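A quick note: this is a predicted structure, and the numbers were derived from the prediction, not measured.
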Number of protein chains: 2
Amino acid sequence: MKSRHPSALASARSPAASRHRKSPPAKTVPTGYERSVDVAYRKLRELIVRGRLAPGTRLVEADIAERFEISRTPVRSALHRLLQEGYVMAVRSARQSRLAVAPLTKEDSRELYWIVGHIEGLAGRLLARCDPQTRARVIERLKAINAELSVLAQTRHGDPSRIFDLDMGFHRVLVESAAGPRLLAIHAAIKPQTERYWRLYASAIIDDLGESVREHVAIIEGIDNGDPDAAEQAIRINWQRGAERLARVIDSLGERGSW
Amino acid sequence: MKSRHPSALASARSPAASRHRKSPPAKTVPTGYERSVDVAYRKLRELIVRGRLAPGTRLVEADIAERFEISRTPVRSALHRLLQEGYVMAVRSARQSRLAVAPLTKEDSRELYWIVGHIEGLAGRLLARCDPQTRARVIERLKAINAELSVLAQTRHGDPSRIFDLDMGFHRVLVESAAGPRLLAIHAAIKPQTERYWRLYASAIIDDLGESVREHVAIIEGIDNGDPDAAEQAIRINWQRGAERLARVIDSLGERGSW
DNA sequence: AAATCCGCGATTGTATACAAAAAGGAGAAC
DNA sequence: GTTCTCCTTTTTGTATACAATCGCGGATTT
């Protein structure tokens, strides 16, 4: 690695950014602007979650910076954030941190799913205590999503990415409707990590989609009835069963991501 | 603010650090070494948690750097981490982040306590499923702590900081015994934030100490019986009641930390 | 041949320089 | 007196320079 940052960079980006400022004299034009650190975070997380960066891959700041054509500073920030959230792990050494993509193990998936289940369970509990109108609106959206999932579950071999998006949407609606800022933040940081397991074992998971759909029905009922205990319990069961299904798949296929 | 970093700094720190390296020819002497970013994180968190930095206080990177006699870089990292964990909030602006110490409100305390209750509840559930030996060892420690708390609850006006340390220890033992790395990390990031409320309303909270001690007994029983549901439920109730007690105090005293 | 030590390249941690951008205030126009 | 504008100051975001460390491999010794 010789010339790390083509010096054209500094002059290539800055004008583009400042052009935004003057063209419309509107007061707040934050549209379209994204800080480098956010770009780096988003791209890196995407690469990890989609499996394009294999578990165990060493993450070298300078390399990533070069690849994204930004400096080490924002890359470093993004990596630290990913480290705290669990996408990335620090390996050995006392003074230096040395990062790598976090491995995917049966043990970790169990803990992860339990945590998500409890966090979402809390969100569901709060949702079930909301006023009936809010709940009715949410229920409607949940039912629509789950109906489509149900169809895909019967016609085997639906588009995995479509299935994933629907399931993702179901849980997002669940949380966004009633959770406060802290709960939202935690969920946003943790939940996407389940996608790593999902993608790795997608085909096997899709086979069990019907079960998941039935569990979703129980969730919807709990919320509809305004029963916090039932709603929370149903959500936790959904994730717990998900963890069990995943564990079975991992057992039969072997740990694919444990370097 | 004129000369921000006395240039003596660079030459004042580096030799001190490298002196560590050579004096004993041992291979790994990571003892005592702490990166600036960790120092900054620890100090800042302490200042916020102990209330020495009032809610709403603007946090300016350069000022903190000057105060700690380090550069902005590690300060910035520490602030980002505190932001993600919830000790610090970003106020307005699209491109810049502008940080301030997070406010203390009744609403936030509710959400915080619910979350901690669920996280610890999960840890308690896992603990109750451990083998009896592990549980017996933990039970012993929990009982010792709670016994001392019980004494302090009866002799009113015990040392608040002692009481706090005991309660802190109780919950730490609870989590550290059975939780995996993810659960530990989340707990370590979130739980200390309850200390902010504790300190702000300490006297009133201590008045209700007896209730908390009784709730702890239920937790111990649940674990002792190896009953995951009971253990988790008891822990959640402890935190839920704690939130209610806190809410009453805030109602009667007013929100002290909501700038 | 195995073990050890030394040195060099690779990599992280910290400091600083610089470029925007937002906030705030002084002054002009009405 | 109010409001608008422009300028200054403060503050953040990014890039880069530098120092110290870590790991690895090769040379040397036994």
No-H, no-angle donor-acceptor pair, A:R98 side chain to D:dG23 base, under 3.5 Å = no
If only side-chain N and O atoms of B:S36 are considered, is one of them under 4.0 Å from the OP1 or OP2 phosphate oxygen of C:dT14?
-> yes
Look up atom OH in B:Y197 and atom CG in B:L112, then write down how far apart they are to the nearest 0.5 Å.
-> 6.5 Å
What does A:E61 touch in the nucleic acid at a heavy-atom separation under 4.0 angstrom: a base, only the sugar-phosphate, or nothing?
-> sugar-phosphate
Side-chain N,O (A:T73) to OP1/OP2 (D:dT14) below 4.0 Å = no
D:dG13 OP1/OP2 closer than 4.0 Å to side-chain N/O of B:R76 | yes
Would you mind classifying the nucleic acid contact of A:L59 as base, sugar-phosphate or nothing, using non-hydrogen atoms under 4.0 angstrom?
-> sugar-phosphate
Any idea how A:W239 and A:Y113 line up, ring-wise: parallel (<30°), tilted (30 to 60°), or perpendicular (>60°)?
-> perpendicular
Using a 4.5 Å cut-off on heavy atoms from C-beta on, say whether the side chain of B:F164 contacts that of B:W198.
-> yes
Closest contact, heavy atoms only, A:P74 versus A:A40 | O-CB, 4.3 Å
Let me know the distance between CD1 of B:I70 and C1' of C:dT16, rounded to the nearest Å.
-> 14 Å
Where the side chain of A:R72 is concerned, which of C:dG13, C:dT11, D:dA15 is the nearest nucleotide?
-> C:dG13
Hey, does the side chain of A:R58 come within less than 4.0 Å of D:dG23's phosphate (OP1/OP2), counting only N and O?
-> no
Closest to the side chain of A:R95, out of C:dA17, D:dC22, C:dT14, is D:dC22
From the options C:dA22, D:dT21, C:dA15, select the nucleotide whose nearest atom is closest to the side chain of A:Q96.
-> D:dT21
Quick one: A:R35 CZ to C:dA20 P, roughly how many Å, whole number?
-> 17 Å
